[in-house]
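See below for the structure under consideration.
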Amino acid sequence: MTSENLPVVVIAGRPNVGKSTLFNRLVGRRQAIVSDMPGVTRDRKEGEALLRGRRVRLIDTAGLEEAAPDTLYGRMRASSESAVAMADLVLFCIDARSGITPADAHFASWLRRQNRPVLLIANKAEGQAGTNAALEAYSLGLGTPLALSAEHGEGIADLMGEIAERLPPAEKQRRREAPKVDAEGEEEERPAGPLRLAIIGRPNAGKSTLLNCLLGEERMITGPEAGLTRDSIAVTLHDDQGEIRLVDTAGMRKRARVEEHLERMSVSASIEALKMAEVVVLVIDATLGVHEQDLQIGRLIEREGRACVIALNKWDAVEDRNATKKTILDRLEISLAQVRGIPVVTFSALTGAGVHRLLPAVREVYEIWNSRISTGELNRWFEDALERHQPPLVDGRRLKLRYMTQVKARPPTFLLFGTRAEQLPDSYKRYLVNGLRETFHMPGVPVRVQLRGTKNPYAEK
């Protein structure tokens with residue numbers, strides 16, 4: 001059963017009542033960013049949770065606040081309301097320590113009109129005093145409140161049981177196996193599943209607008225304000241070739257400019273999303289050109305071994321497109337030489353012009369990232385490469401390189417054997433990598449060459 005077919009449980013309530021803490025507790029891991037600062041959650045955060053044997057699609061929402069529709073808080077409330085509209089069960093959270101506020105009463109009245117099952121949660125009800133304070137929640141008219149403490153885990157078991165009882169009848173659900181990891185921590189070839197795609201870039205490059213355009217709906221909150229996205233938000237997209245798991249991330253600024261604790265957590269979530277992805281779309285504001293921070297992100301993508309597509313957004317606002325594209329391509333060729341030939345797609349996420357070219361480019365680079373070369377074909381190329389350019393002398397002696405084999409894909413990784421092969425200079429390794437990339441058509445993906453020397457049995461021990 002896909003996540004779209006699972007029953008939907010939505011966590012709603014005013015800001016700073018502990019919705020994200022409860023979300024993390026139910027999914028069983030620290031998936032949503034949590035802070036004492038009100039209004040940290042802006043976009044809907046989704047995850048799967050196993051509650052009393054029932055697998056559910058859990059949604060954490062932004063705090064419900066009264067605001068004009070065209071303001072940031074108005075857009076956040078509209079996103080939360082759309083989540084409630086598709087819920088099979090709403091967990092309406094209040095802060096038991098603060099008592100019932102006018103905002104709680106207002107949104108409880110709004111919830112009663114939505115014709116959705118509601119379970120009233122009195123959070124932060126630690127100890128007997130908190131339990132007594134939770135009784136005040138009866139006045140909201142949403143039934144018996146369930147007192148708990150998401151931070152300390154008190155009452156969570158009872159909550160899971162209540163959720164399982166109130167959900168629609170269960171259908172057969174199968175668990176998805178996690179990808180296996182080899183002894184070196186590298187992910188092995190995993191079974192067929194959704195392509196994992198992360199959208200990365202600097203603040204205000206248009207990442208959330210791009211995700212909304214791909215989905216065909218206003219899933220992410222967007223606007224002229226920089227840094228609207230604070231957490232990594234995963235959604236599922238279906239195209240003609242299958243399922244894609246898209247992750248929109250917070251903008252990544254220079255490390256020296258990141259001062260607030262909340263922004264550091266946002267950047268950490270973005271880096272974690274990059275590490276979990278298979279393909280990364282690096283979104284660049286074409287009107288500003290390639291910034292040094294864009295290149296730093298590109299180098300991080302290469303170091304993590306992910307396939308990459310460069311997305312030049314806001315292309316409709318570029319005046320001299322030929323000159324701009326040539327300048328950007330030249331900069332990428334020089335500064336990101338380790339992923340030479342990286343695909344570049346130009347579009348406008350705001351108007352949708354050219355966005356249709358992005359996913360085919362993603363699929364193509366994904367196939368290259370998964371590619372394997374037979375040992376015979378590889379060594380025929382290797383012999384020709386040695387004839388064209390002999391290995392250099394090291395300590396006055398020629399290195400004897402014997403043969404090469406591909407040990408893994410994702411990204412393509414090759415093992416080179418030879419006498420004192422571990423002493424091979426980096427310049428010759430680059431020669432081999434560039435030859436592999438050009439001969440076997442592997443643009444835009446990292447190519448790894450590992451070295452293994454043979455032991456001399458007559459060497460002194």
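Since we're looking at a predicted model, the values are computed, not measured.
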Legend entry - Set of residues satisfying side chain to side chain contact (heavy atoms under 4.5 Å, CB included) with respect to Glu151, sequence neighbours excluded: Thr21, Ser149
Legend entry - Between OG1 on residue Thr249 and CD1 on residue Ile199, distance to nearest 0.5 Å: 8.0 Å
Inset, instruction - Over all heavy atoms of both residues, which pair between Leu167 and Pro7 is shortest? Give the atoms and the distance, please. - result: CD2-CB, 4.0 Å
Inset, instruction - Calculate, to the nearest 0.5 Å, the distance between atoms CG and CG belonging to Leu197 and Leu246 respectively. - result: 5.0 Å
Legend entry - Polar side-chain atom of Thr324 near backbone of Arg321 as donor-acceptor pair, under 3.5 Å: no
Inset, instruction - Please answer whether the main-chain N or O of Gln293 pairs with a side-chain N or O of His291 as donor and acceptor at a distance below 3.5 Å. - result: yes
Inset, instruction - Return the minimal non-hydrogen interatomic distance between Val8 and Ile59, and the atom names on each side. - result: CG1-CD1, 3.7 Å
Inset, instruction - Output yes when a side-chain donor or acceptor of Glu278 lies under 3.5 Å from a complementary backbone atom of Arg196, and no otherwise. - result: yes
Inset, instruction - For the residue pair Asp95 and Asn16, establish whether any side-chain heavy-atom pair is separated by less than 4.5 Å. - result: no
Inset, instruction - Any pair with a residue in residues 100-119 that passes salt bridge (Lys or Arg N to Asp or Glu O under 4.0 Å), sequence neighbours left out, goes on the list, sorted by first then second residue, please. - result: Arg14-Asp104
Inset, instruction - Using atom types as modelled and distance alone, determine if a side-chain donor or acceptor of Arg306 lies under 3.5 Å from a backbone N or O of Lys275. - result: yes
Inset, instruction - Check whether any side-chain N or O of Arg437 sits under 3.5 Å from a backbone N or O of Met442 as a donor-acceptor pair, and report yes or no. - result: yes
List, one per line, each side-chain donor-acceptor pair under 3.5 Å for residues 332-341, sequence neighbours excluded.
{"unit_1": "Glu333", "atom_1": "OE2", "unit_2": "Arg340", "atom_2": "NE", "d": "3.2"}
{"unit_1": "Ser335", "atom_1": "OG", "unit_2": "Arg331", "atom_2": "O", "d": "3.3"}

Inset, instruction - To the nearest 0.5 angstrom, please state how far the CD1 atom of Ile301 sits from the CD1 atom of Ile342. - result: 7.0 Å
Legend entry - Pairing residues for Lys326 by the side chain to side chain contact (heavy atoms under 4.5 Å, CB included) criterion, not counting sequence neighbours: Asp330
Legend entry - Partners meeting side-chain hydrogen bond (donor to acceptor under 3.5 Å, both in side chains) with Lys429 (sequence neighbours left out): none
Legend entry - Student check: side-chain heavy atoms of Leu159 and Leu22 closer than 4.5 Å: yes
Inset, instruction - Would you indicate whether the side-chain heavy atoms of Glu364 and Val309 approach each other to under 4.5 Å? - result: no
Legend entry - Minimum heavy-atom distance Ile244-Leu359, with the two atoms named: CD1-CD2, 3.9 Å
Legend entry - Heavy-atom closest pair, residues Val365 and Gly444: CG2-O, 3.9 Å
Inset, instruction - Check whether any side-chain N or O of Trp369 sits under 3.5 Å from a backbone N or O of Cys308 as a donor-acceptor pair, and report yes or no. - result: no
Legend entry - Check: Val247 and Leu211 side chains under 4.5 Å, non-hydrogen atoms: no
Inset, instruction - Say whether, by atom type as modelled, one donor and one acceptor occur between the side chain of Lys207 and the main chain of Arg202 under 3.5 angstrom. - result: yes
Legend entry - Glu48 CD to Leu26 CG distance, which is reported to the nearest 0.5 Å: 14.0 Å
Legend entry - Heavy-atom pair of closest approach, residues Ala198 and Ala273: CB-O, 4.0 Å
Inset, instruction - Apply the test side chain to side chain contact (heavy atoms under 4.5 Å, CB included) to residues Leu210 and Asn313: give CA-CA distance (whole Å), side-chain angles for both, the deciding distance (0.1 Å), then the verdict. - result: CA-CA 8 Å; Leu210 171 60; Asn313 190 22; 5.6 Å; no
Legend entry - Check: Pro411 main-chain N/O paired with Arg448 side-chain donor or acceptor under 3.5 Å: no
Inset, instruction - Kindly indicate, with the supporting measurements, whether the criterion side chain to side chain contact (heavy atoms under 4.5 Å, CB included) is fulfilled by Phe414 and Val447. - result: CA-CA 8 Å; Phe414 303 89; Val447 176; 3.8 Å; yes
Legend entry - SB check Lys314 Asp285 (cutoff 4.0 Å): yes
Inset, instruction - Enter the distance from Leu58:CG to Ile163:CD1 here, rounded to the nearest 0.5 Å. - result: 7.0 Å
Legend entry - Atom of Leu6, atom of Asp88 and distance for their closest heavy-atom approach: O-OD2, 4.5 Å
Legend entry - Residues in side-chain hydrogen bond (donor to acceptor under 3.5 Å, both in side chains) contact with Gln296, at least two apart in sequence or another chain: Glu292
Inset, instruction - First locate atom CD1 of Ile328, then atom CG of Leu288, and finally report the distance between them rounded to the nearest 0.5 Å. - result: 9.5 Å
Inset, instruction - Say whether, by atom type as modelled, one donor and one acceptor occur between the side chain of Arg25 and the main chain of Ala150 under 3.5 angstrom. - result: yes
Inset, instruction - Taking Gln114 for its side chain and Trp110 for its backbone only, find out whether a donor-acceptor pair lies under 3.5 Å. - result: yes
